[in-house]
Number of protein chains: 2
Amino acid sequence: MSLRGAALRVTRPRLAVLAVLREHAHATTDEVLGRVRVQLPEVSHQAVYDVLRALTTAGLVRRIEPQGSVARYEARVGDNHHHLVCRSCARIVDVDCVVGAAPCLTPSASHGFTVDEAEVVFWGLCPQCSAPSSDRKEVL
Amino acid sequence: MSLRGAALRVTRPRLAVLAVLREHAHATTDEVLGRVRVQLPEVSHQAVYDVLRALTTAGLVRRIEPQGSVARYEARVGDNHHHLVCRSCARIVDVDCVVGAAPCLTPSASHGFTVDEAEVVFWGLCPQCSAPSSDRKEVL
DNA sequence: CCTGCATTCTTGAACGAGTCAAGTAAACAG
DNA sequence: CTGTTTACTTGACTCGTTCAAGAATGCAGG
């Protein structure tokens with residue numbers, strides 16, 4: 001069990017949050033709370049905040065914050081993958097590391113910084129939203 | 001005057017905000033407000049929020065929101081440059097487009113998305129914070 | 001140089017994601 | 001089983017940002 005491996009106590013809320021994130025990537029705290037409550041109706045919102053923070057700190061979960069969105073979480077960690085975000089419907093999909101791999105993740109001039117991660121977000125329109133007159137779902 | 005070019009009325013608050021951002025890149029709304037008030041003590045915080053939004057919409061200013069930070073603004077626009085952020089002191093510096101240019105800005109699999117922008121944030125430690133025992137300024 | 005209207009600014013309240021704090025409950029080492 | 005440490009519950013609160021109504025200002029046209 002990954003919780004034990006991270007020296008975290010195994011509790012119902014933690015197991016439930018992990019299960020939710022494995023099923024539903026890029027969920028917001030609120031969405032996680034809602035889904036966790038299907039199984040554990042009594043969990044508090046504070047518990048979910050605490051759990052998400054603990055899991056993030058332990059590296060079992062990754063927190064992302066695309067512009068204009070509240071924090072979202074995903075259970076896919078350790079592979080430094082990136083995200084593609086639709087400007088229209090806010091859909092998020094994972095993309096593997098950009099082509100050419102490593103060279104892309106080095107800034108041209110690092111100004112003396114020791115860089116340990118390159119975070120990439122691709123912005124655009126998803127297939128549904130870029131289709132001329134389909135039943136797109138506009139955000140807002 | 002860039003304001004006229006963007007079909008925006010020329011007002012004191014707008015001129016002041018633009019001037020501040022040209023001097024101080026990556027300033028928060030609050031920092032902008034403080035600096036603007038040196039010249040125009042009466043401006044309201046709402047005016048600064050409105051101005052920043054108008055300038056951002058007009059493309060005269062760019063809004064960035066690094067993880068864990070409030071919104072920041074910069075007057076350098078149109079060149080899709082990226083940012084290097086220090087995990088320790090939160091310092092932000094600009095970096096030109098990553099090496100190799102264009103190829104880096106194409107996701108390996110676009111899942112049908114029409115991508116129009118690749119936003120890159122490099123995380124690490126600035127020279128001061130990565131120096132062994134200098135007088136680093138920790139954030140927090 | 002005026003006039004009038006649309007836009008912008010002032011004032012003050014409200015919103016919402018996230019955090020703090022104190023006390024109760026539960027995990028797990030021994 | 002017991003005790004201690006770590007989680008969770010409850011409820012208040014912070015802070016960046018937005019909303020709303022009315023006053024002020026920029027500027028096109030006369």
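First the proteins, then the strands, lettered A, B, ... as listed; each starts at 1. What's counted below: heavy atoms across the whole structure, side chains too, no hydrogens, waters or symmetry copies.
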Discussion item. At less than 4.0 Å, is any side-chain N or O atom of B:Arg9 found next to OP1 or OP2 of C:dC9? Yes or no.
Written reply: no
Practice prompt. Please state how far atom CG in B:Leu55 lies from atom P in C:dT8, giving the value in whole angstrom units.
Written response: 10 Å
Response to the item:
Between CD of A:Glu42 and P of C:dA25 the distance, given in whole Å, is 13 Å
Discussion item. Rounding to an integer number of Å, can you tell me how far B:Leu52 CG sits from C:dC9 P?
Written reply: 11 Å
Worksheet item: How is A:Ala71 classified with respect to the nucleic acid when contacts are heavy atoms under 4.0 Å: base, sugar-phosphate, or nothing?
Response: sugar-phosphate
Fill in: NZ/NE/NH1/NH2 to OD/OE distance under 4.0 Å, B:Arg37 and B:Asp30
no
Fill in: Any B:Arg14 side-chain nitrogen or oxygen under 4.0 Å from OP1 or OP2 of C:dT8
yes
Discussion item. Distance check needed: C:dT7 C1' versus B:Arg12 CZ, whole Å only.
Written reply: 17 Å
Worksheet item: For DNA chain D, whose closest nucleotide is more 5', that of A:Val43 or that of B:Val70?
Response: A:Val43
Worksheet entry | Non-hydrogen side-chain atoms of A:Arg35 and A:Glu23 separated by less than 4.5 Å | no
Item to complete: Let me know the distance between OH of A:Tyr49 and C1' of C:dA17, rounded to the nearest Å.
Response: 5 Å
Worksheet item: Contact class for B:Thr11 vs. all strands (heavy atom < 4.0 Å): base, sugar-phosphate, or nothing?
Response: sugar-phosphate
Discussion item. Under 3.5 Å, is there a donor on one side chain and an acceptor on the other for A:His26 and A:Asp94?
Written reply: yes
Discussion item. Does either side chain, that of A:His83 or that of A:Glu74, offer a donor lying less than 3.5 Å from an acceptor on the other one?
Written reply: yes
Discussion item. Quick one about B:Asp96 and B:His82 (side-chain donor to acceptor, distance below 3.5 Å, no hydrogens or angles considered), yes or no?
Written reply: no
Item to complete: On DNA chain D, reading 5' to 3', which nucleotide is the first and which the last to sit with an atom under 4.0 Å from a heavy atom of chain A, could you check?
Response: D:dT5 to D:dG11
Worksheet item: Picking from C:dT11, C:dA21, C:dG18, which would you name as closest to the side chain of A:Gln46?
Response: C:dA21
Item to complete: Figure out the NE2/P separation between B:His45 and C:dA13, and round it to whole Å.
Response: 12 Å
Item to complete: Write down the distance between CZ (A:Arg53) and P (C:dA17), rounded to a whole number of angstrom.
Response: 17 Å
Worksheet item: For A:Thr28, which contact category applies under a 4.0 Å heavy-atom criterion: base, sugar-phosphate, or nothing?
Response: nothing
Worksheet entry | Interatomic distance where CG belongs to B:Leu3 and P belongs to C:dT7 [whole Å] | 16 Å
Worksheet entry | Test: B:Glu117 and A:Arg87 ion pair at under 4.0 Å | yes
Worksheet entry | Distance in Å, A:Thr11 OG1 paired with A:Asp50 CG, rounded so as to fall on 0.5 Å steps | 10.5 Å
